[in-house]
Amino acid sequence: MLEQILADIPVPPDPEGRIVHGFSNNEDAVLVKSPPAGMVLVQTVDILGAIGNNARLFGQTTAANALSDVYAMGGIPWSVMNVAAFPSPEKPEDAPLSVLADILRGAMEKVAEAGAVLAGGHTLDDEFIKFGLAVTGAVDPAEAARNDALAPGDCLILTKPLGTGILATAIKARWPGFEEAEAELYRWTTRLNAHGAEVIRAMKLKAATDITGFGLAGHVLEMARGSGVSVELDSCSLPFMEQAEELASFGLIPAGTYRNREHCSCRTTVSESAEELRALLAFDAQTSGGLLLAVPQERVQEACERLGALGEAAHIVGRVLPLRGRQEQLVIT
Amino acid sequence: MHDILLDCRGMACPQPVITTREALEKKPSSVTVLVDNAPASENVRRLLEKSGYASGLAVEQREDSLWAVRGAASCAVCAEAEAVIEAAGERASRTLVFLSTDTLGHGSDELGAKLMANFLATLPELGANLWRIVMVNGGVRLASQPGRSLDALKKLEQNGVSLLVCGTCLEHYGLLDAKQVGETTNMLDIVTSLDLADKIIRP
């Protein structure tokens with residue numbers, strides 16, 4: 001049954017023949033050609049619980065989310081493996097296997113868009129639906145962007161608006177307007193960060209990260225700590241998805257967002273001028289969030305133009321400062 | 001007009017917000033929500049603030065994992081007052097009568113009760129200016145015990161005068177079920193009414 005379903009899902013094309021020996025004859029492992037000489041592998045795995053109510057768009061979201069870790073380093077996705085947890089349907093009200101097929105179909109669409117090949121996967125019987133991918137990418141080690149290479153004077157550019165945690169909570173609550181919230185959520189979460197990675201490579205940017213579970217502020221603080229600098233985020237400049245601020249003002253804020261703020265509190269100063277809700281939403285846990293690019297001040301215009309030319313948003317959300325006291329490693333103004 | 005208490009302990013976000021929102025659809029005058037985690041307390045506070053329950057809004061941590069979030073309808077009384085004014089057309093001013101006993105004056109209670117009945121029966125002479133009568137402490141007996149005073153109050157209510165009866169006082173005298181006219185109310189409504197009135201008569 002499962003095999004039949006998998007057989008019907010289009011596999012991403014492999015024009016270069018990266019898969020040397022595949023899994024078509026029930027082989028348990030796959031031989032994959034190495035990336036070109038001089039490149040190193042970028043490896044990452046990311047698995048998500050169901051988000052929203054559309055299986056195919058959830059599949060696309062998980063793929064975009066997993067691929068994003070490769071893009072954040074300026075890498076090119078090379079191959080992926082699917083990891084699926086799905087409750088075996090036993091009763092009529094259980095999710096049918098076609099749901100799993102839709103998730104996989106959505107994921108494969110995004111893997112194809114990313115130009116990666118499928119190197120197999122694994123499905124297990126589990127209580128809840130979970131899906132994710134192990135992704136292998138390739139990058140020139142001299143040009144890989146890192147999360148510990150911020151320099152004072154850098155500007156921080158974010159490529160997607162914030163708010164997936166809020167919207168997902170409103171969808172879970174079936175709050176009035178949740179259908180629109182779901183469309184807005186998927187609009188951003190299914191979007192690949194490929195263009196951001198292109199700009200990292202083209203401009204040889206030293207530092208970048210992707211915004212996921214710790215929220216913008218949490219990931220920025222990680223970067224600041226790794227780089228030995230302080231970072232200032234401007235709450236007035238933060239871009240939000242449609243409805244996100246309004247829904248948040250009704251209290252549709254996930255516990256994880258509050259946990260992120262709490263976790264960072266001893267290294268964070270929120271200035272009195274910052275609006276409380278916006279400062280909190282800087283910590284909103286994101287799924288498949290945008291890339292955060294650190295760009296030297298004099299090259300900000302170039303970065304924005306390059307992103308704009310590729311159809312990508314460029315929001316300047318903060319700047320890197322020399323290290324201040326421990327309590328001021330992250331300052332939200 | 002009523003107060004509600006919601007026990008949202010043991011609920012994960014966003015359930016306390018969903019449960020509170022459903023309860024607010026019944027338009028209580030105030031609400032107290034118990035939750036067992038800090039995020040839920042903040043989220044419920046935001047919901048109350050956003051939903052017009054910002055009056056006296058407070059988050060109180062009572063134990064390690066017990067928070068009480070309270071808020072009262074900030075504008076219910078004002079909105080109601082505005083509606084009355086609109087209905088009355090060109091009302092010159094809002095006169096409020098504040099009754100804290102069921103008798104009028106000191107000396108003889110028997111006489112005082114008669115005088116109070118006469119007082120209430122004569123209030124219609126104030127015309128459209130008479131906006132609201134608030135009864136507290138011994139005054140709530142007027143709204144509960146059969147007699148000429150009660151009859152006068154019923155007539156005033158029929159004529160569109162708003163009657164507010166203190167719930168705490170009714171409870172104190174064991175008269176919650178005996179009340180026959182007016183709306184049971186709380187101190188917030190009383191204070192807001194006193195603030196809104198242009199003139200207060202305290203016989």
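Counting non-hydrogen atoms of other residues, nucleotides and ligands closer than 6.0 Å to CD of E275(A) gives a total above 12. Counted within 6.0 Å of CD on E180(A), heavy atoms from surrounding residues, nucleotides or ligands total more than 12; the atom is thus considered enclosed. Within a 6.0 Å sphere centred on NZ of K114(B), other residues, nucleotides and ligands contribute 12 heavy atoms or fewer. Atom CD of E242(A) has 12 or fewer heavy atoms from other residues, nucleotides or ligands within 6.0 Å. Environment of CD in E276(A): crowded, with over 12 heavy atoms of neighbouring residues, nucleotides or ligands closer than 6.0 Å. More than 12 heavy atoms of other residues, nucleotides or ligands lie within 6.0 Å of CD in E93(A), so this atom counts as buried by the packing criterion. Shown here is K155(B), whose NZ atom has no more than 12 heavy atoms of other residues, nucleotides or ligands within 6.0 Å.
The greatest number of non-hydrogen atom pairs below 4.5 Å with chain A, out of I18(B), V44(B), L48(B), T20(B), is found for I18(B). Note on K172(A), R174(A), E246(A): by heavy-atom pairs under 4.5 Å with chain B, the leading option is E246(A).
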*Apply the test side chain to side chain contact (heavy atoms under 4.5 Å, CB included) to residues V17(B) and W175(A): give CA-CA distance (whole Å), side-chain angles for both, the deciding distance (0.1 Å), then the verdict.*
CA-CA 10 Å; V17(B) 168; W175(A) 201 259; 3.7 Å; yes
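The structure places CG of L252(A) at 9.0 Å from CZ of R21(B), a figure rounded to the nearest 0.5 Å. Going from atom CG of L247(A) over to atom CZ of R46(B) covers 13.0 Å, rounded to the nearest 0.5 Å.
Interface residue A248(A): only backbone heavy atoms are found under 4.5 Å from chain B. Only the side chain of R261(A) comes within less than 4.5 Å of a heavy atom in chain B; its backbone stays farther off. Contact of E42(B) with chain A is made through backbone and side chain together, with heavy-atom distances under 4.5 Å.
The minimum heavy-atom distance linking C13(B) with A255(A) is given by the pair CB-N, 4.4 Å. Between N43(B) and Y258(A), the shortest heavy-atom contact is OD1-OH, 2.6 Å.
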